[in-house]
Protein chains: 2
Amino acid sequence: MRVLRTGVSTVAPHHSSEPAGNPAWLNTIMKGDCVAALNKLPSKSVDLVFADPPYNLQLGGDLHRPDDSKVDACDDHWDQFESFEAYDAFTRAWLLATRRVMKDDASIYVIGSYHNIFRVGALLQDLGFWIMNDIVWLKSNPMPNFRGKRFTNAHETMIWATKSKTAKPTFNYDALKTFNDDLQMRSDWHLPLCTGGERLKDGDGQKVHPTQKPESLLYRVLTASSNPGDVVLDPFFGTGTTGAVSKKLGRNFVGVEREQAYIDAATARIDAIEMGSGASLDMQKGKRAEKRIPFGNLLEAGLLEPGAELTCSKGRHLAVVRADGSLKCGEHTGSIHKVGALVQGAASCNGWTFWHIKSGRKRSPIDELREEIRSRLRA
Amino acid sequence: MRVLRTGVSTVAPHHSSEPAGNPAWLNTIMKGDCVAALNKLPSKSVDLVFADPPYNLQLGGDLHRPDDSKVDACDDHWDQFESFEAYDAFTRAWLLATRRVMKDDASIYVIGSYHNIFRVGALLQDLGFWIMNDIVWLKSNPMPNFRGKRFTNAHETMIWATKSKTAKPTFNYDALKTFNDDLQMRSDWHLPLCTGGERLKDGDGQKVHPTQKPESLLYRVLTASSNPGDVVLDPFFGTGTTGAVSKKLGRNFVGVEREQAYIDAATARIDAIEMGSGASLDMQKGKRAEKRIPFGNLLEAGLLEPGAELTCSKGRHLAVVRADGSLKCGEHTGSIHKVGALVQGAASCNGWTFWHIKSGRKRSPIDELREEIRSRLRA
DNA sequence: GTCAAGTCTGAATCGGGCG
DNA sequence: CCGCCCGATTCAGACTTGA
């Protein structure tokens with residue numbers, strides 16, 4: 001993996017036509033300031049953004065455990081801001097730079113704690129982003145509150161947003177539902193902290209980065225809001241969890257990071273990963289992904305004859321199929337959906353599952369005939 | 001209980017010296033606009049504030065369930081704001097009015113959803129409040145996402161703050177820890193919605209208030225951040241959950257509410273409560289039951305790789321694991337349970353015990369990997 | 001009275017392609 | 001851009017109904 005240094009830019013200015021193949025910045029870490037680096041990327045070029053910005057923790061003095069050991073707090077210089085105004089200006093700048101490189105239907109996830117997430121969320125709204133969900137990452141093993149003065153801070157908050165209210169972001173609903181044992185994925189995610197072998201350590205056994213995120217978190221974000229081959233941007237790349245999971249899941253990434261030590265650790269980490277590929281990356285698809293079969297096809301295929309009689313599952317309503325693929329039920333005529341809605345007095349109706357045909361003694365939904373057509377098309 | 005109408009104020013102007021005994025406004029509902037009513041209270045007079053302001057939901061058209069029934073949305077006039085600016089101005093005004101009546105060491109809790117909570121949190125910080133925690137109320141029974149377009153919105157967020165960084169708020173650490181089976185109370189609270197007998201209904205069986213909060217939530221807030229005899233203010237009193245729990249726990253309350261229908265319901269509700277008769281009021285504890293582990297967690301945790309091969313115990317059926325946690329076995333795809341049922345021609349199947357993975361020469365059920373996750377979560 | 005099956009509902013920013 | 005219309009989409013828990 002190459003590292004592009006944006007301070008001494010090795011990224012060529014972007015003209016309207018990219019050379020064939022992947023652009024030079026793909027699957028690289030750009031070194032330098034977040035906004036300056038993002039400004040070197042072409043606009044509308046990324047599908048998903050995961051951002052883990054500085055939390056502006058505003059820590060006071062040292063904190064000691066009951067056994068008097070010192071807590072290794074996040075007091076790095078990059079987490080120091082003079083005021084809320086300074087933090088807001090910083091946030092607004094990187095959000096705007098990020099917004100420019102997002103495709104119109106791209107998603108952005110920003111993670112934070114109560115120190116910064118309210119400011120981030122309000123600014124997202126002020127800048128015209130549209131919030132889809134907030135998600136809480138519940139830590140199974142959070143650090144306890146040693147002083148007993150507050151609740152154990154056992155979660156962080158992620159905001160999922162799009163560029164605008166009208167955006168139609170990728171959301172792999174069916175894949176997530178399957179992933180979650182056939183229940184809808186909820187806004188609360190129970191995941192352990194990044195510890196043990198996953199946590200990057202330096203030669204002295206010290207952790208390389210104070211707030212390394214667990215791969216499980218990124219795994220779920222990428223599964224939810226991207227597809228294989230998509231481009232995932234992380235403007236605060238750190239030790240590269242986003243890049244690592246992107247590579248495993250067959251996504252492309254681009255990162256921005258200022259600190260050379262983090263870049264070095266991330267580069268080694270990602271180089272050691274084998275790129276995911278092939279059928280194992282296929283996402284579980286739902287009915288929406290299936291090709292649309294007009295009702296008339298059933299007549300063309302000979303699966304139904306004009307004059308065939310359809311009923312609802314209880315046999316209460318009776319309709320006749322006409323040669324043009326419309327139904328007639330008493331005074332009502334129209335599509336299977338329209339007539340189904342009319343006879344029920346409902347606002348809408350899925351005619352495929354509402355209408356049944358007699359096969360032997362039992363009634364089966366005409367959806368089974370549609371499935372027969374689909375299987376013929378696949379063959 | 002008396003109701004004070006602040007429009008035709010029955011509250012005498014407050015001088016520096018209160019007459020002996022409780023002030024007239026104690027344990028009453030003040031009718032009228034929130035800010036105007038609060039301005040009639042003496043400064044620095046309350047110990048705890050619980051505020052459930054309008055969420056500014058910005059709903060679009062109607063939403064229907066899959067069975068075509070209409071969702072009874074919260075579309076009340078009091079939740080309509082013209083813009084974020086209007087909502088911010090409203091929020092700033094009631095926060096400032098509330099701040100004045102808070103004692104220096106008082107606590108304030110504000111609850112909201114992603115529609116409004118980020119604005120509330122940022123404004124709290126801008127006005128000099130000091131955030132102690134954010135707390136997530138995880139709903140065991142939230143409304144599902146009917147269209148499959150987002151994560152199930154399964155939580156709301158509460159912010160606990162003080163008037164300033166130097167405040168020393170009440171925090172009954174030991175009481176909470178005892179309640180929580182001798183573990184520190186965490187920032188995630190697992191509580192069901194307010195339904196059933198607790199939910200106030202009118203003569204037609206319709207809910208009186210669209211967003212009545214569960215008493216369990218207030219019980220925990222009051223236990224954490226107040227003492228018997230304290231004064232608890234709720235500037236958006238609604239149907240009076242704050243007043244009801246205050247009375248049960250031997251706290252004093254003062255509420256502000258604009259809608260007469262809510263005031264009537266709250267008055268009857270609170271009058272029916274016997275002070276301190278809280279035997280039935282056990283604080284809802286965190287769930288002790290074993291947590292459900294979705295199959296996808298095995299991939300996130302790295303215990304299975306995409307592409308891994310699973311078989312039944314005899315090795316007869318072979319399935320491949322995909323990155324999204326679905327299985328593929330011939331033409332069949334879906335969850336471990338669904339595919340297990342399909343390959344056996346069974347109606348249902350426990351995928352955890354049906355599917356095995358080879359470890360060395362023998363096959364072991366993937367249930368053992370789930371147990372490994374559980375032990376990590378316990379650690 | 002018991003149990004099983006069916007109904008109802010909860011702070012919701014809930015569609016998309018084609019003409 | 002607007003309108004039409006196809007047709008996809010739900011979990012937990014309390015309550016009601018009926019055998």
Side-chain angles (χ1 to χ4, degrees), chain A residues 105 125 129-134 160-162 164-169 171 173-174 177 180-187 285-290 292-296 325 334-341 346-355 366-367 370, chain B residues 52-76 78-81 84 87 111-117 137 139-157 192-199 201 205-207 209-214 236 238:
Chain A
D105 289 332
Q125 292 178 313
F129 289 89
W130 189 248
I131 299 181
M132 299 291 292
N133 278 115
D134 62 335
W160 170 29
T162 58
S164 73
K165 183 175 182 173
T166 54
K168 287 178 282 197
F171 183 61
Y173 175 79
D174 296 287
K177 188 171 173 177
N180 194 36
D181 288 2
D182 297 324
L183 290 177
Q184 286 190 337
M185 189 69 83
R186 298 169 33 124
S187 58
K285 296 294 186 195
K287 287 188 179 179
R288 282 193 178 97
E290 297 263 21
R292 197 176 75 84
I293 307 290
F295 178 67
S335 71
I336 53 171
H337 313 294
K338 186 179 164 192
V339 174
S348 66
C349 167
N350 182 346
W352 291 109
T353 51
F354 179 74
W355 293 109
I366 57 175
D367 207 18
R370 179 171 66 164
Chain B
D52 182 15
Y55 286 10
N56 188 22
L57 285 188
Q58 308 166 67
L59 301 176
D62 288 344
L63 178 64
H64 290 85
R65 302 168 194 270
D67 67 3
D68 205 44
S69 65
K70 186 164 165 289
V71 172
D72 183 17
C74 176
D75 52 3
D76 300 73
W78 47 255
D79 197 42
Q80 309 298 321
F81 293 85
F84 285 131
Y87 187 80
I111 188 167
S113 66
Y114 66 85
H115 310 83
N116 71 322
I117 198 65
W137 167 28
K139 305 173 182 182
S140 56
N141 49 348
M143 191 183 305
N145 185 286
F146 296 118
R147 302 304 289 262
K149 291 295 166 185
R150 305 180 174 206
F151 299 102
T152 304
N153 198 1
H155 73 277
E156 293 186 26
T157 301
L193 294 171
C194 178
T195 59
E198 188 185 328
R199 190 80 191 228
K201 305 280 173 59
Q206 301 298 304
K207 58 191 178 198
H209 194 284
T211 69
Q212 185 181 338
K213 293 290 174 288
F236 305 95

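Note that the coordinates shown come from a computational prediction; the quantities given were computed from them, not determined experimentally. Sequence lines set the chain letters: A, B, ... in the order given, protein chains first and strands last, and positions in each chain run from 1.
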Student: I would like to know whether A:Tyr173 and A:Gln184 meet side chain to side chain contact (heavy atoms under 4.5 Å, CB included); could you show each step before the answer?
Tutor: CA-CA 8 Å; A:Tyr173 175 79; A:Gln184 286 190 337; 3.1 Å; yes
Student: Pick base, sugar-phosphate or nothing for B:Lys70, based on heavy-atom distances below 4.0 Å to the nucleic acid.
Tutor: nothing
Student: Looking at D:dT9, which nucleotide sits across from it as a Watson-Crick or G-U wobble partner, both distances under 3.5 angstrom, or is there none?
Tutor: none
Student: Choose from C:dC14, C:dA11, D:dC11 the nucleotide whose nearest atom is closest to any side-chain atom of B:Thr211.
Tutor: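 Selected nucleotide: C:dA11.
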Student: Remember a base hit wins even if backbone is also touched, and classify B:Gly61 as base, sugar-phosphate or nothing at under 4.0 Å, heavy atoms.
Tutor: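 Base: the residue B:Gly61, judged by heavy atoms under 4.0 Å, touches a nucleobase.
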Student: It should be established whether B:Arg199 places a side-chain nitrogen or oxygen under 4.0 Å from OP1 or OP2 of nucleotide C:dC8.
Tutor: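 Answer no for this pair, as no side-chain N or O of B:Arg199 is under 4.0 Å from OP1 or OP2.
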Student: Any base atoms under 4.0 Å from A:Ile336, or only sugar-phosphate, or nothing? Heavy atoms, all strands.
Tutor: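 Nothing: the residue A:Ile336, judged by heavy atoms under 4.0 Å, touches no strand.
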Student: What nucleotide, of C:dG16, D:dA12, C:dT13, holds the atom closest to the side chain of B:Asn141?
Tutor: D:dA12
Student: What interatomic distance, in whole Å, is found between P of D:dA8 and the corresponding atom of C:dC8?
Tutor: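 25 Å, rounded to whole Å.
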Student: Contact class for B:Cys194 vs. all strands (heavy atom < 4.0 Å): base, sugar-phosphate, or nothing?
Tutor: nothing
Student: Taking the side chain of A:Leu183 as heavy atoms from C-beta outward, which of C:dA12, D:dG7, D:dC11 is closest to it?
Tutor: D:dC11
Student: Taking only side-chain N and O atoms of A:Tyr173, does any of them lie within less than 4.0 angstrom of OP1 or OP2 on D:dT10?
Tutor: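 Indeed, a polar side-chain atom of A:Tyr173 lies that close.
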Student: To the nearest 0.5 Å, what is the distance between CD1 on A:Ile131 and CD on B:Gln58?
Tutor: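 Rounded to the nearest 0.5 Å, the CD1-CD separation comes out at 9.5 Å.
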Student: Where the side chain of B:Arg147 meets the backbone of B:Leu63, is there a donor-acceptor pair that is under 3.5 Å apart?
Tutor: no
Student: For B:Gly197, report the nucleic acid contact type (base, sugar-phosphate, nothing); a contact means any heavy atom under 4.0 Å.
Tutor: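 Since only primed, P, OP1 and OP2 atoms lie under 4.0 Å of B:Gly197, the category is sugar-phosphate.
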Student: Does B:Asp52 reach a base, just sugar-phosphate, or nothing at all? Heavy atoms under 4.0 Å.
Tutor: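 Base, at least one base heavy atom under 4.0 Å.
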Student: So is the aromatic ring of B:Tyr114 stacked onto the base of C:dT13, judging by whether the centres are under 5.5 Å apart and the planes are under 30° apart?
Tutor: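 Check failed, B:Tyr114 does not stack on base of C:dT13.
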Student: Does B:Pro53 reach a base, just sugar-phosphate, or nothing at all? Heavy atoms under 4.0 Å.
Tutor: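 Base contact.
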Student: For D:dC11, take OP1 and OP2 only and decide whether either is under 4.0 Å from a side-chain N or O of B:Lys139.
Tutor: no
Student: Both B:Arg147 and B:Cys74 contact DNA chain C. Taking the nearest nucleotide for each, which residue is further toward the 5' end?
Tutor: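 That would be B:Cys74.
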Student: Side-chain N or O of B:Arg65 versus OP1/OP2 of D:dT9: is the shortest distance under 4.0 Å?
Tutor: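 Checking B:Arg65 against D:dT9: no side-chain N or O falls below 4.0 Å of OP1 or OP2.
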Student: Check the phosphate of C:dG16 against B:Lys149, side-chain N and O only, distance under 4.0 Å to OP1 or OP2. Yes or no?
Tutor: yes
Student: Determine which nucleotide pairs with C:dC3, using a 3.5 Å limit on both distances of a Watson-Crick or G-U wobble pair.
Tutor: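 By the stated definition (distances under 3.5 Å), D:dG18 pairs with C:dC3.
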Student: Less than 4.0 angstrom between a side-chain N/O of A:Arg186 and OP1 or OP2 of D:dA12, yes or no?
Tutor: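 Answer is no, no contact under 4.0 Å.
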Student: On a whole-Å scale, what distance lies between the P atoms belonging to D:dT9 and C:dG17?
Tutor: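 One P to the other, the span is 15 Å.
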Student: Provide the distance between the two P atoms, one in D:dG7 and one in C:dC14, to the nearest whole Å.
Tutor: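 Those two atoms are separated by 23 Å.
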Student: So, A:Phe171 versus A:Trp160, ring centres under 6.0 angstrom or not?
Tutor: yes
Student: Which nucleotide in the set C:dA12, D:dA8, D:dG13 lies at the smallest distance from any side-chain heavy atom of A:Lys287?
Tutor: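 Closest of the options to the side chain of A:Lys287: D:dA8.
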Student: Examine distances only and state if a side-chain atom of A:Asn180 and a backbone atom of A:Leu183 form a donor-acceptor pair shorter than 3.5 Å.
Tutor: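 Yes; at least one donor-acceptor contact below 3.5 Å.
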Student: Report yes if a side-chain nitrogen or oxygen of B:Asn153 is closer than 4.0 Å to either non-bridging phosphate oxygen (OP1 or OP2) of C:dA12; otherwise report no.
Tutor: no
Student: Could you classify C:dT13 for me, syn or anti, using a glycosidic angle within 90° of 0 as syn?
Tutor: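 That one's syn.
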Student: Determine the interatomic distance between P on C:dA11 and the same-named atom on C:dT7; round to the nearest Å.
Tutor: 23 Å
Student: What verdict does the side chain to side chain contact (heavy atoms under 4.5 Å, CB included) test give for A:Asn133 and A:Met185, after you've listed the backbone C-alpha separation in whole Å, the side-chain angles of each residue and the deciding distance to 0.1 Å?
Tutor: CA-CA 12 Å; A:Asn133 278 115; A:Met185 189 69 83; over 6 Å; no
Student: Output yes when at least one side-chain N/O atom of B:Thr195 is less than 4.0 Å from OP1 or OP2 of D:dA14, else no.
Tutor: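 False: B:Thr195 side-chain N/O out of range (4.0 Å or more) of D:dA14 OP1/OP2.
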Student: Per the atom types in the model, does the base of C:dG17 pair as donor or acceptor with the side chain of A:Arg288 at under 3.5 Å?
Tutor: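 Result: no qualifying N/O pair found.
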Student: If each of A:Lys168 and A:Met132 is mapped to the nucleotide of DNA chain C with the nearest heavy atom, which maps nearer the 5' terminus, i.e. the 5' end?
Tutor: A:Met132
Student: Considering every strand and a 4.0 Å limit on heavy-atom distances, what is the contact class for B:Thr152: base, sugar-phosphate, or nothing?
Tutor: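 Nothing, no heavy atom under 4.0 Å.
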Student: Looking at B:Lys207, does any N or O in its side chain come under 4.0 Å of the phosphate oxygens OP1/OP2 on C:dG10?
Tutor: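 Yes, B:Lys207 has a side-chain N/O under 4.0 Å of OP1/OP2 on C:dG10.
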Student: Would you tell me if any nitrogen or oxygen in the side chain of A:His337 comes within less than 4.0 Å of OP1 or OP2 on D:dG7?
Tutor: yes
Student: Are B:His115 and B:Ser113 close enough that a side-chain donor and a side-chain acceptor fall under 3.5 Å?
Tutor: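 Yes, B:Ser113 and B:His115 have a side-chain donor paired with an acceptor closer than 3.5 Å.
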Student: Is the backbone N or O of B:Gly196 less than 3.5 Å from a side-chain atom of B:Glu198, with the two atoms forming a donor-acceptor pair by type?
Tutor: no
Student: Could you check A:Ala347 against B:Pro142 and say which one's nearest nucleotide on DNA chain D is further toward the 5' end?
Tutor: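 Looking at the nearest nucleotide for each, A:Ala347 comes out on the 5' side.
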Student: Quick check for you: among C:dG10, C:dA11, D:dC11, whose closest atom lies nearest to any side-chain atom of B:Asp72?
Tutor: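 Among the listed nucleotides, the one closest to the side chain of B:Asp72 is C:dG10.
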